[in-house]
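The next block holds one structure in the form of structure tokens; read it before the comments.
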Amino acid sequence: DLKGKKVLISAGGTREAIDPVRFIGNRSSGKQGVAIAVEARNRGAEVSLILANSNISDVAGIETIRVETAQQMHNALKERMPDCDVLVMSAAVADAKPATSSSEKIKKKEFNSIELIANADILAELSSSANDSQLIVGFAAETSNIEESGRAKLKAKELDFIYVNDVSNGAIFASDLSAGYLISSEGKSTHIEQTSKAKVARIILDNVVSRLSYANG
């Protein structure tokens, strides 16, 4: 049911170098994004996966572009965004990066503070430049006010859907399981009890297909 469609997916967690040894990063494994990529491939889509800092091997039938930083991910997504029908932004992109990155390891006694500057909001930028026929799915990781926070992000970034992970107590990251809410721009909210990330991928793409079918009338 996605044959003839191009699906662009981001996954994993970006890293921003402090020096050659240290970085600012997060706990994202890329498992959910890869599960969505596999499900989209199985449904007949042409899939491009922008994968950051993940140990998951390349999957047959999926174009996989590996990146490290938020800027590299941004560049790869911008290049492919004009041709895609669906964007699924499941990557955990670092909100900030060091203002400067040392080319030499910083000695412990000199390591007193890090000045940070904000990274670009990739999802907001891609969403604002999308055309009316492109469908965008965002992700959020929250520890409180899960559904409310998801609705706010959905509206602020003008998304078609958002999946909000409940990451309380470190849950979800690197796990094969997930739980959260899938919220649509029409206001529908579906609570997803803890289940496999493969099933979450199916639920998300079922909703994507329904929206595409409705749009094509």
Side-chain angles (χ1 to χ4, degrees), residues 7-18 21-43 45 47-77 80 86-97 119-123 126 136-144 146 149-150 153 157 159 161-183 191-205 208:
V7 179
L8 177 61
I9 301 165
S10 72
T14 64
R15 295 177 180 176
E16 309 297 333
I18 298 169
V21 177
R22 307 176 183 94
F23 60 84
I24 294 172
N26 57 69
R27 299 179 186 275
S28 178
S29 65
K31 285 185 175 182
Q32 183 65 79
V34 171
I36 295 168
V38 170
E39 180 69 15
R41 179 206 63 184
N42 292 349
R43 290 171 179 247
V47 183
S48 295
L49 174 66
I50 316 300
L51 185 58
N53 305 299
S54 174
N55 294 324
I56 301 172
S57 300
D58 288 5
V59 180
I62 296 171
E63 178 194 27
T64 303
I65 301 93
R66 293 185 181 267
V67 298
E68 180 176 357
T69 67
Q71 187 61 57
Q72 290 168 354
M73 176 165 280
H74 197 173
N75 293 344
L77 288 165
R80 291 161 179 81
V86 180
L87 170 68
V88 182
M89 192 72 178
S90 67
V93 180
D95 294 316
K97 63 183 176 181
N119 274 322
D121 188 329
I122 300 175
L123 180 53
L126 294 177
I136 302 178
V137 182
F139 270 63
E142 301 290 347
T143 56
S144 61
I146 310 298
S149 298
K153 185 172 183 178
K157 303 197 178 184
L159 309 176
F161 295 97
I162 191 165
Y163 180 62
V164 197
N165 294 279
D166 182 351
V167 296
S168 305
N169 302 314
I172 307 301
F173 294 118
S175 171
D176 292 323
L177 303 175
S178 181
Y181 293 87
L182 179 63
I183 307 169
H191 182 217
I192 299 175
E193 300 280 357
Q194 188 176 78
T195 188
S196 69
K197 288 182 175 177
K199 185 172 181 181
V200 171
R202 288 196 296 273
I203 293 169
I204 290 172
L205 290 181
V208 165

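- Judged by distance alone, the side chain of Gln32 and the main-chain N or O of Lys197 form a donor-acceptor pair under 3.5 Å.
- Checking Tyr163 against Ser90 by side-chain atom types alone, no donor-acceptor pair falls below 3.5 Å.
- Atom-to-atom distance recorded for Ile203:CD1 and Thr195:OG1 is 6.5 Å, nearest 0.5 angstrom.
- The minimum heavy-atom distance between Ala91 and Ala11, with the atom names listed, is CB-N, 3.6 Å.
- Nearest heavy atoms, Ala40 versus Val47: CB-CG2, 3.8 Å.
- No donor-acceptor pair under 3.5 Å is formed between the side chain of Arg41 and the backbone N or O of Val59.
- Checked by atom type and distance alone, the side chain of Arg80 never pairs as donor or acceptor with a backbone atom of Leu49 at under 3.5 Å.
- Judged purely by atom type and a 3.5 angstrom limit, Glu39 has no side-chain atom pairing as donor or acceptor with the backbone of Ala35.
- Tyr181 is linked by a ring-ring contact (aromatic ring centres under 6.0 Å, His included) to His191, counting only residues two or more places apart in sequence or in another chain.
- A 4.5 Å side-chain heavy-atom check between Arg43 and Leu205 finds at least one atom pair inside the cut-off.
- Across all non-hydrogen atoms, the minimal contact from Ala76 to Ile65 is CB-CG2, 4.4 Å.
- For the pair Asn26 (side chain) and Ala92 (backbone), a donor-acceptor distance under 3.5 Å is present.
- Contact detail for Val200 and Ser178: the closest heavy-atom pair is CG2-CB, 4.0 Å.
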Between Val86 and Val88, does a side-chain contact (heavy atoms from CB on, under 4.5 Å) hold up when you go through it step by step? CA-CA 7 Å; Val86 180; Val88 182; 4.0 Å; yes

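- The minimum heavy-atom distance between Val164 and Ile183, with the atom names listed, is CG2-CD1, 4.1 Å.
- Using modelled atom types, one finds no donor on one side chain facing an acceptor on the other under 3.5 Å when comparing Asn53 with Thr14.
- Remark: Ala96 engages Leu116 in a side chain to side chain contact (heavy atoms under 4.5 Å, CB included) (not counting sequence neighbours).
- Nearest approach of Val7 to Ala45, heavy atoms of both residues: CG2-CB, 3.7 Å.
- Atom CD1 of Ile50 sits about 8.5 Å away from atom OG1 of Thr64, to the nearest 0.5 Å.
- With hydrogens and angles left out, the side-chain atoms of Glu63 and Ser48 include a donor and acceptor closer than 3.5 Å.
- A distance of 9.0 Å separates CD1 of Ile146 from CG of Asn165, quoted to the nearest 0.5 Å.
- Crowding of Asn42 atom CG: a count of heavy atoms from other residues, nucleotides or ligands under 6.0 Å exceeding 12.
- Taking CG from Asp176 and NZ from Lys199, the interatomic distance works out to 15.5 Å, rounded to the nearest 0.5 Å.
- With contacts defined as side-chain heavy-atom distances shorter than 4.5 Å, the pair Leu77/Met89 qualifies.
- For Asn119 (side chain) and Ala94 (main-chain N/O), a donor-acceptor pair under 3.5 Å exists by modelled atom type.
- In this structure, OG on Ser175 lies 6.5 Å from CD on Gln194, to the nearest 0.5 angstrom.
- No side-chain donor-acceptor contact under 3.5 Å links Lys157 to the backbone of Leu126.
- Judged by distance alone, the side chain of Glu16 and the main-chain N or O of Ala70 form a donor-acceptor pair under 3.5 Å.
- Looking at Lys153, its side chain does come within 3.5 Å of a backbone N or O of Phe139 through a donor-acceptor pair.
- No side-chain donor-acceptor contact under 3.5 Å links Ser196 to the backbone of Leu177.
- The OG atom of Ser10 lies 9.5 Å from the CG atom of Leu51; values are rounded to the nearest 0.5 Å.
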Run the numbers on Val137 and Val208 for side-chain contact (heavy atoms from CB on, under 4.5 Å), then give the verdict. CA-CA 8 Å; Val137 182; Val208 165; 3.8 Å; yes

